[in-house]
There are 2 protein chains.
Amino acid sequence: MKMKIKQVAELVGISVRTLHHYDEIGLLTPEETTDAGYRYYSEQNLETLQQILFFKELDFPLKEIKEILSDPSFDRQQALQLHRKLLLEKRERIDQMIATIDKTTQYVKGEIHMSNEEKFKGFNFSHNPYEEEARKLWGAKAVDQSNASFKNNAVGEKMNDIYRKLADLRNTPPESTEAQTAISEWYEFLNTQTGHHYSLEAFKGLGQMYVADERFTTNIDQFGAGLAQFMCEAMTFFADNNEQ
Amino acid sequence: MKMKIKQVAELVGISVRTLHHYDEIGLLTPEETTDAGYRYYSEQNLETLQQILFFKELDFPLKEIKEILSDPSFDRQQALQLHRKLLLEKRERIDQMIATIDKTTQYVKGEIHMSNEEKFKGFNFSHNPYEEEARKLWGAKAVDQSNASFKNNAVGEKMNDIYRKLADLRNTPPESTEAQTAISEWYEFLNTQTGHHYSLEAFKGLGQMYVADERFTTNIDQFGAGLAQFMCEAMTFFADNNEQ
DNA sequence: ATAAAGTGTTACGTAACGTGAGGGTCAATA
DNA sequence: TATTGACCCTCACGTTACGTAACACTTTAT
């Protein structure tokens, strides 16, 4: 059941040029190439393409997608589950935007007032914070088991520092002053270095994702077994205790 | 209440560079610039920025956004309503994707079978057909009242041809053979020239949107008063009568 | 067998910023 | 008042993911 390039393009709704491009960069090499140079795609190729589009939908750059897919430890099921989760969040953001639009409609009419923050609710950052985190952790792992390329940048380095510091504390109570200081550093870091603002609620949610999603858990626990759980608890405590 | 560039950037979740860029291309010029060259943004600027982000979310290119916003006939309320509609559809697509992921999960486990089409349901084209249509009609109008730039490409020309043909028929019954022939040409055109596949159901939905959304109605009726209504009826009839 | 439709490879173009480099500006301290 | 650190500015080149010809070859349909 080999398919020619245009058939594939039409089936999945992308251009022929795009498939050429994916071949060029080695992201999707057709299973067979005839003597005339014609590309023929197999069933397997289609499945890979599906994966590629899943990742693309979540704005992963092609380079990363390539690395992730070629990682022998890549687990399709896990990937699918994470995607599901991220899509659900994307949907929530759309709901937010719709709400913002509705509010704006009233605002334009002069019926209500809107704060500046409200005017941009849901439109803030095109991808959500979890996604950002996922990219870092997952990407980092995919590139190199020892995080080589990740360490090359200052942000990644500092991030690892904090993880390590927290790992050292993971057997103390999460409410301890030391743990809370380290966690507040983490909170600070996220808010200053990632360019996104995390509300305390979001921060708490992020912590919960650390244990709810195996991908996160696995990656975080590389710094020390049980770190994800510890961070989750410490983050929850931090969030609950710093509300005003 | 003038805001400095970084404040704005943080408020809306974009980079300073982005605001620089928007200023460069004349998309968003800050209300005030000090002697030192500092940009100060006003409340009004923020409102424009909100509009820009609305459009960006729907993947309108900046150039088009600029034209749309600077069009004196631009109606913010109408724009908001169309955005709402498009976002709702985007949400539906996300639901589709989630469903596809769920199905794929089962498929990977070997529990069920999946056709190739199914594997890409929801991932097909990054923007939906309505959006595509909206872009064409709206964009065309924004660029030039006489559709100048739109006529320059073959697709647009053919599209106008069909519209005109239909406009000539708009006072005959929509079920007439002539009308149905013209409509089937329209259906053919959409399926072959736009790169998207329209099911009969989708085709019918599109027709209904022609009358439900004033933007569409207004633009279509430029070819002749009442054309939108006529097309809607003819498309509905066509869809209902060609099912098997 | 001949045209129409599809496919190939260069190769330059583009959109929307990212990312420094190098150098002013401003508000708060010491 | 001098200084410092956080912001701000303007170039200007880099990047990602293709779009868009241009031109030649293959396959398929009639």
Side-chain angles (χ1 to χ4, degrees), chain A residues 2-30 32-41 49 52-53 55-67 125-127 132 135 139 152-155 188 191-195, chain B residues 2-30 32-41 49 52-53 55-67 125-127 135 139 149 152-155 192-195:
Chain A
K2 311 281 177 194
M3 291 177 79
K4 283 208 242 176
I5 198 161
K6 206 198 173 184
Q7 287 179 276
V8 176
E10 271 172 2
L11 173 65
V12 311
I14 59 179
S15 75
V16 169
R17 175 67 176 92
T18 299
L19 287 168
H20 280 168
H21 184 60
Y22 290 173
D23 188 6
E24 246 176 63
I25 64 174
L27 177 58
L28 181 66
T29 315
E32 202 189 317
T33 310
T34 69
D35 293 341
Y38 276 40
R39 280 165 256 247
Y40 280 87
Y41 293 84
L49 186 50
I52 293 173
L53 294 188
F55 279 103
K56 237 192 68 174
E57 176 68 28
L58 299 171
D59 294 313
F60 279 67
L62 298 185
K63 198 182 280 190
E64 268 177 52
I65 299 181
K66 187 181 169 186
E67 278 155 359
F125 37 83
S126 60
H127 47 283
E132 179 85 356
R135 188 194 314 282
N152 289 340
N153 84 353
V155 179
E188 263 312 293
N191 272 324
T192 56
Q193 302 300 311
T194 63
Chain B
K2 312 280 176 194
M3 293 177 78
K4 282 207 242 179
I5 198 162
K6 206 197 174 186
Q7 287 180 276
V8 176
E10 271 171 3
L11 173 65
V12 311
I14 61 180
S15 73
V16 168
R17 175 67 175 92
T18 299
L19 287 169
H20 279 168
H21 184 60
Y22 290 174
D23 188 6
E24 247 176 62
I25 65 174
L27 177 58
L28 182 66
T29 314
E32 200 190 317
T33 309
T34 69
D35 293 341
Y38 278 38
R39 279 166 257 246
Y40 280 87
Y41 293 83
L49 186 50
I52 293 173
L53 294 189
F55 279 104
K56 238 191 70 175
E57 176 67 30
L58 299 170
D59 294 312
F60 279 67
L62 299 185
K63 197 182 283 191
E64 268 177 52
I65 298 182
K66 186 181 168 186
E67 278 155 1
F125 38 85
S126 60
H127 48 282
R135 190 191 312 282
S149 88
N152 288 340
N153 83 354
V155 178
T192 55
Q193 302 300 310
T194 63

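Just so it is clear: chains get the letters A, B, ... in the order the sequence lines come, proteins before strands, and each one is counted from 1. Computed from heavy atoms alone, side chains included, the values below leave out hydrogens, waters and symmetry copies.
- Between the CG atom of B:D35 and the P atom of D:dT10 there is a distance of 13 Å, given to the nearest Å.
- Among the atoms of the strands shown, none is found under 4.0 Å from any heavy atom of A:I25.
- With hydrogens and angles disregarded, no donor-acceptor distance shorter than 3.5 Å links the side chain of B:E64 to the backbone of B:P61.
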Per-nt protein contacts along nucleotides 18-30 of chain D (heavy atom under 4.0 Å; B base, S backbone sugar-phosphate only, - none) come out as BBB-----BSS--
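- Distances shown here put every side-chain N or O of B:H20 at or beyond 4.0 Å from the OP1 or OP2 atom of C:dC17.
- Residues that satisfy the side-chain contact (heavy atoms from CB on, under 4.5 Å) test with A:T33, not counting sequence neighbours, are A:P30.
- Straight-line distance from the CG atom of A:L58 to the C1' atom of D:dA17: 17 Å, rounded to whole Å.
- Atoms CD (B:E10) and P (D:dA6) sit 13 Å apart, rounded to a whole Å.
- Distance B:D59 CG to C:dA15 P: 15 Å, rounded to the nearest Å.
- Taking only side-chain atoms of A:R39, from C-beta outward, the nucleotide of C:dG8, D:dC9, D:dC8 with the closest atom is C:dG8.
- The CD1 atom of A:I5 sits 5.0 Å away from the CZ atom of A:R39 when rounded to the nearest 0.5 Å.
- Rounded to whole Å, atom C1' of D:dT16 lies 13 Å from atom CG of A:L27.
- Just one of B:L27, B:V16, B:L62 meets the side chain to side chain contact (heavy atoms under 4.5 Å, CB included) condition when paired with B:H21; it is B:L62.
- When the side-chain contact (heavy atoms from CB on, under 4.5 Å) test is applied to A:T18, the partners found at least two apart in sequence or on another chain are A:I14, A:S15, A:Y22.
- Separating the CE atom of B:M3 from the C1' atom of D:dC7 is a distance of 14 Å, rounded to the nearest angstrom.
- For B:K6 and D:dA6, the shortest distance from a side-chain N or O to OP1 or OP2 is not below 4.0 Å.
- Per the geometry, CD1 belonging to B:I5 stands 19 Å off P belonging to D:dA6, to the nearest Å.
- Distance A:I65 CD1 to D:dA17 C1': 11 Å, rounded to the nearest Å.
- For the pair A:K66 and A:I25, the minimum side-chain heavy-atom distance is 4.5 Å or more.
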Stepwise, does the side chain to side chain contact (heavy atoms under 4.5 Å, CB included) test hold for A:Y40 with A:M3?
CA-CA 5 Å; A:Y40 280 87; A:M3 291 177 79; over 6 Å; no
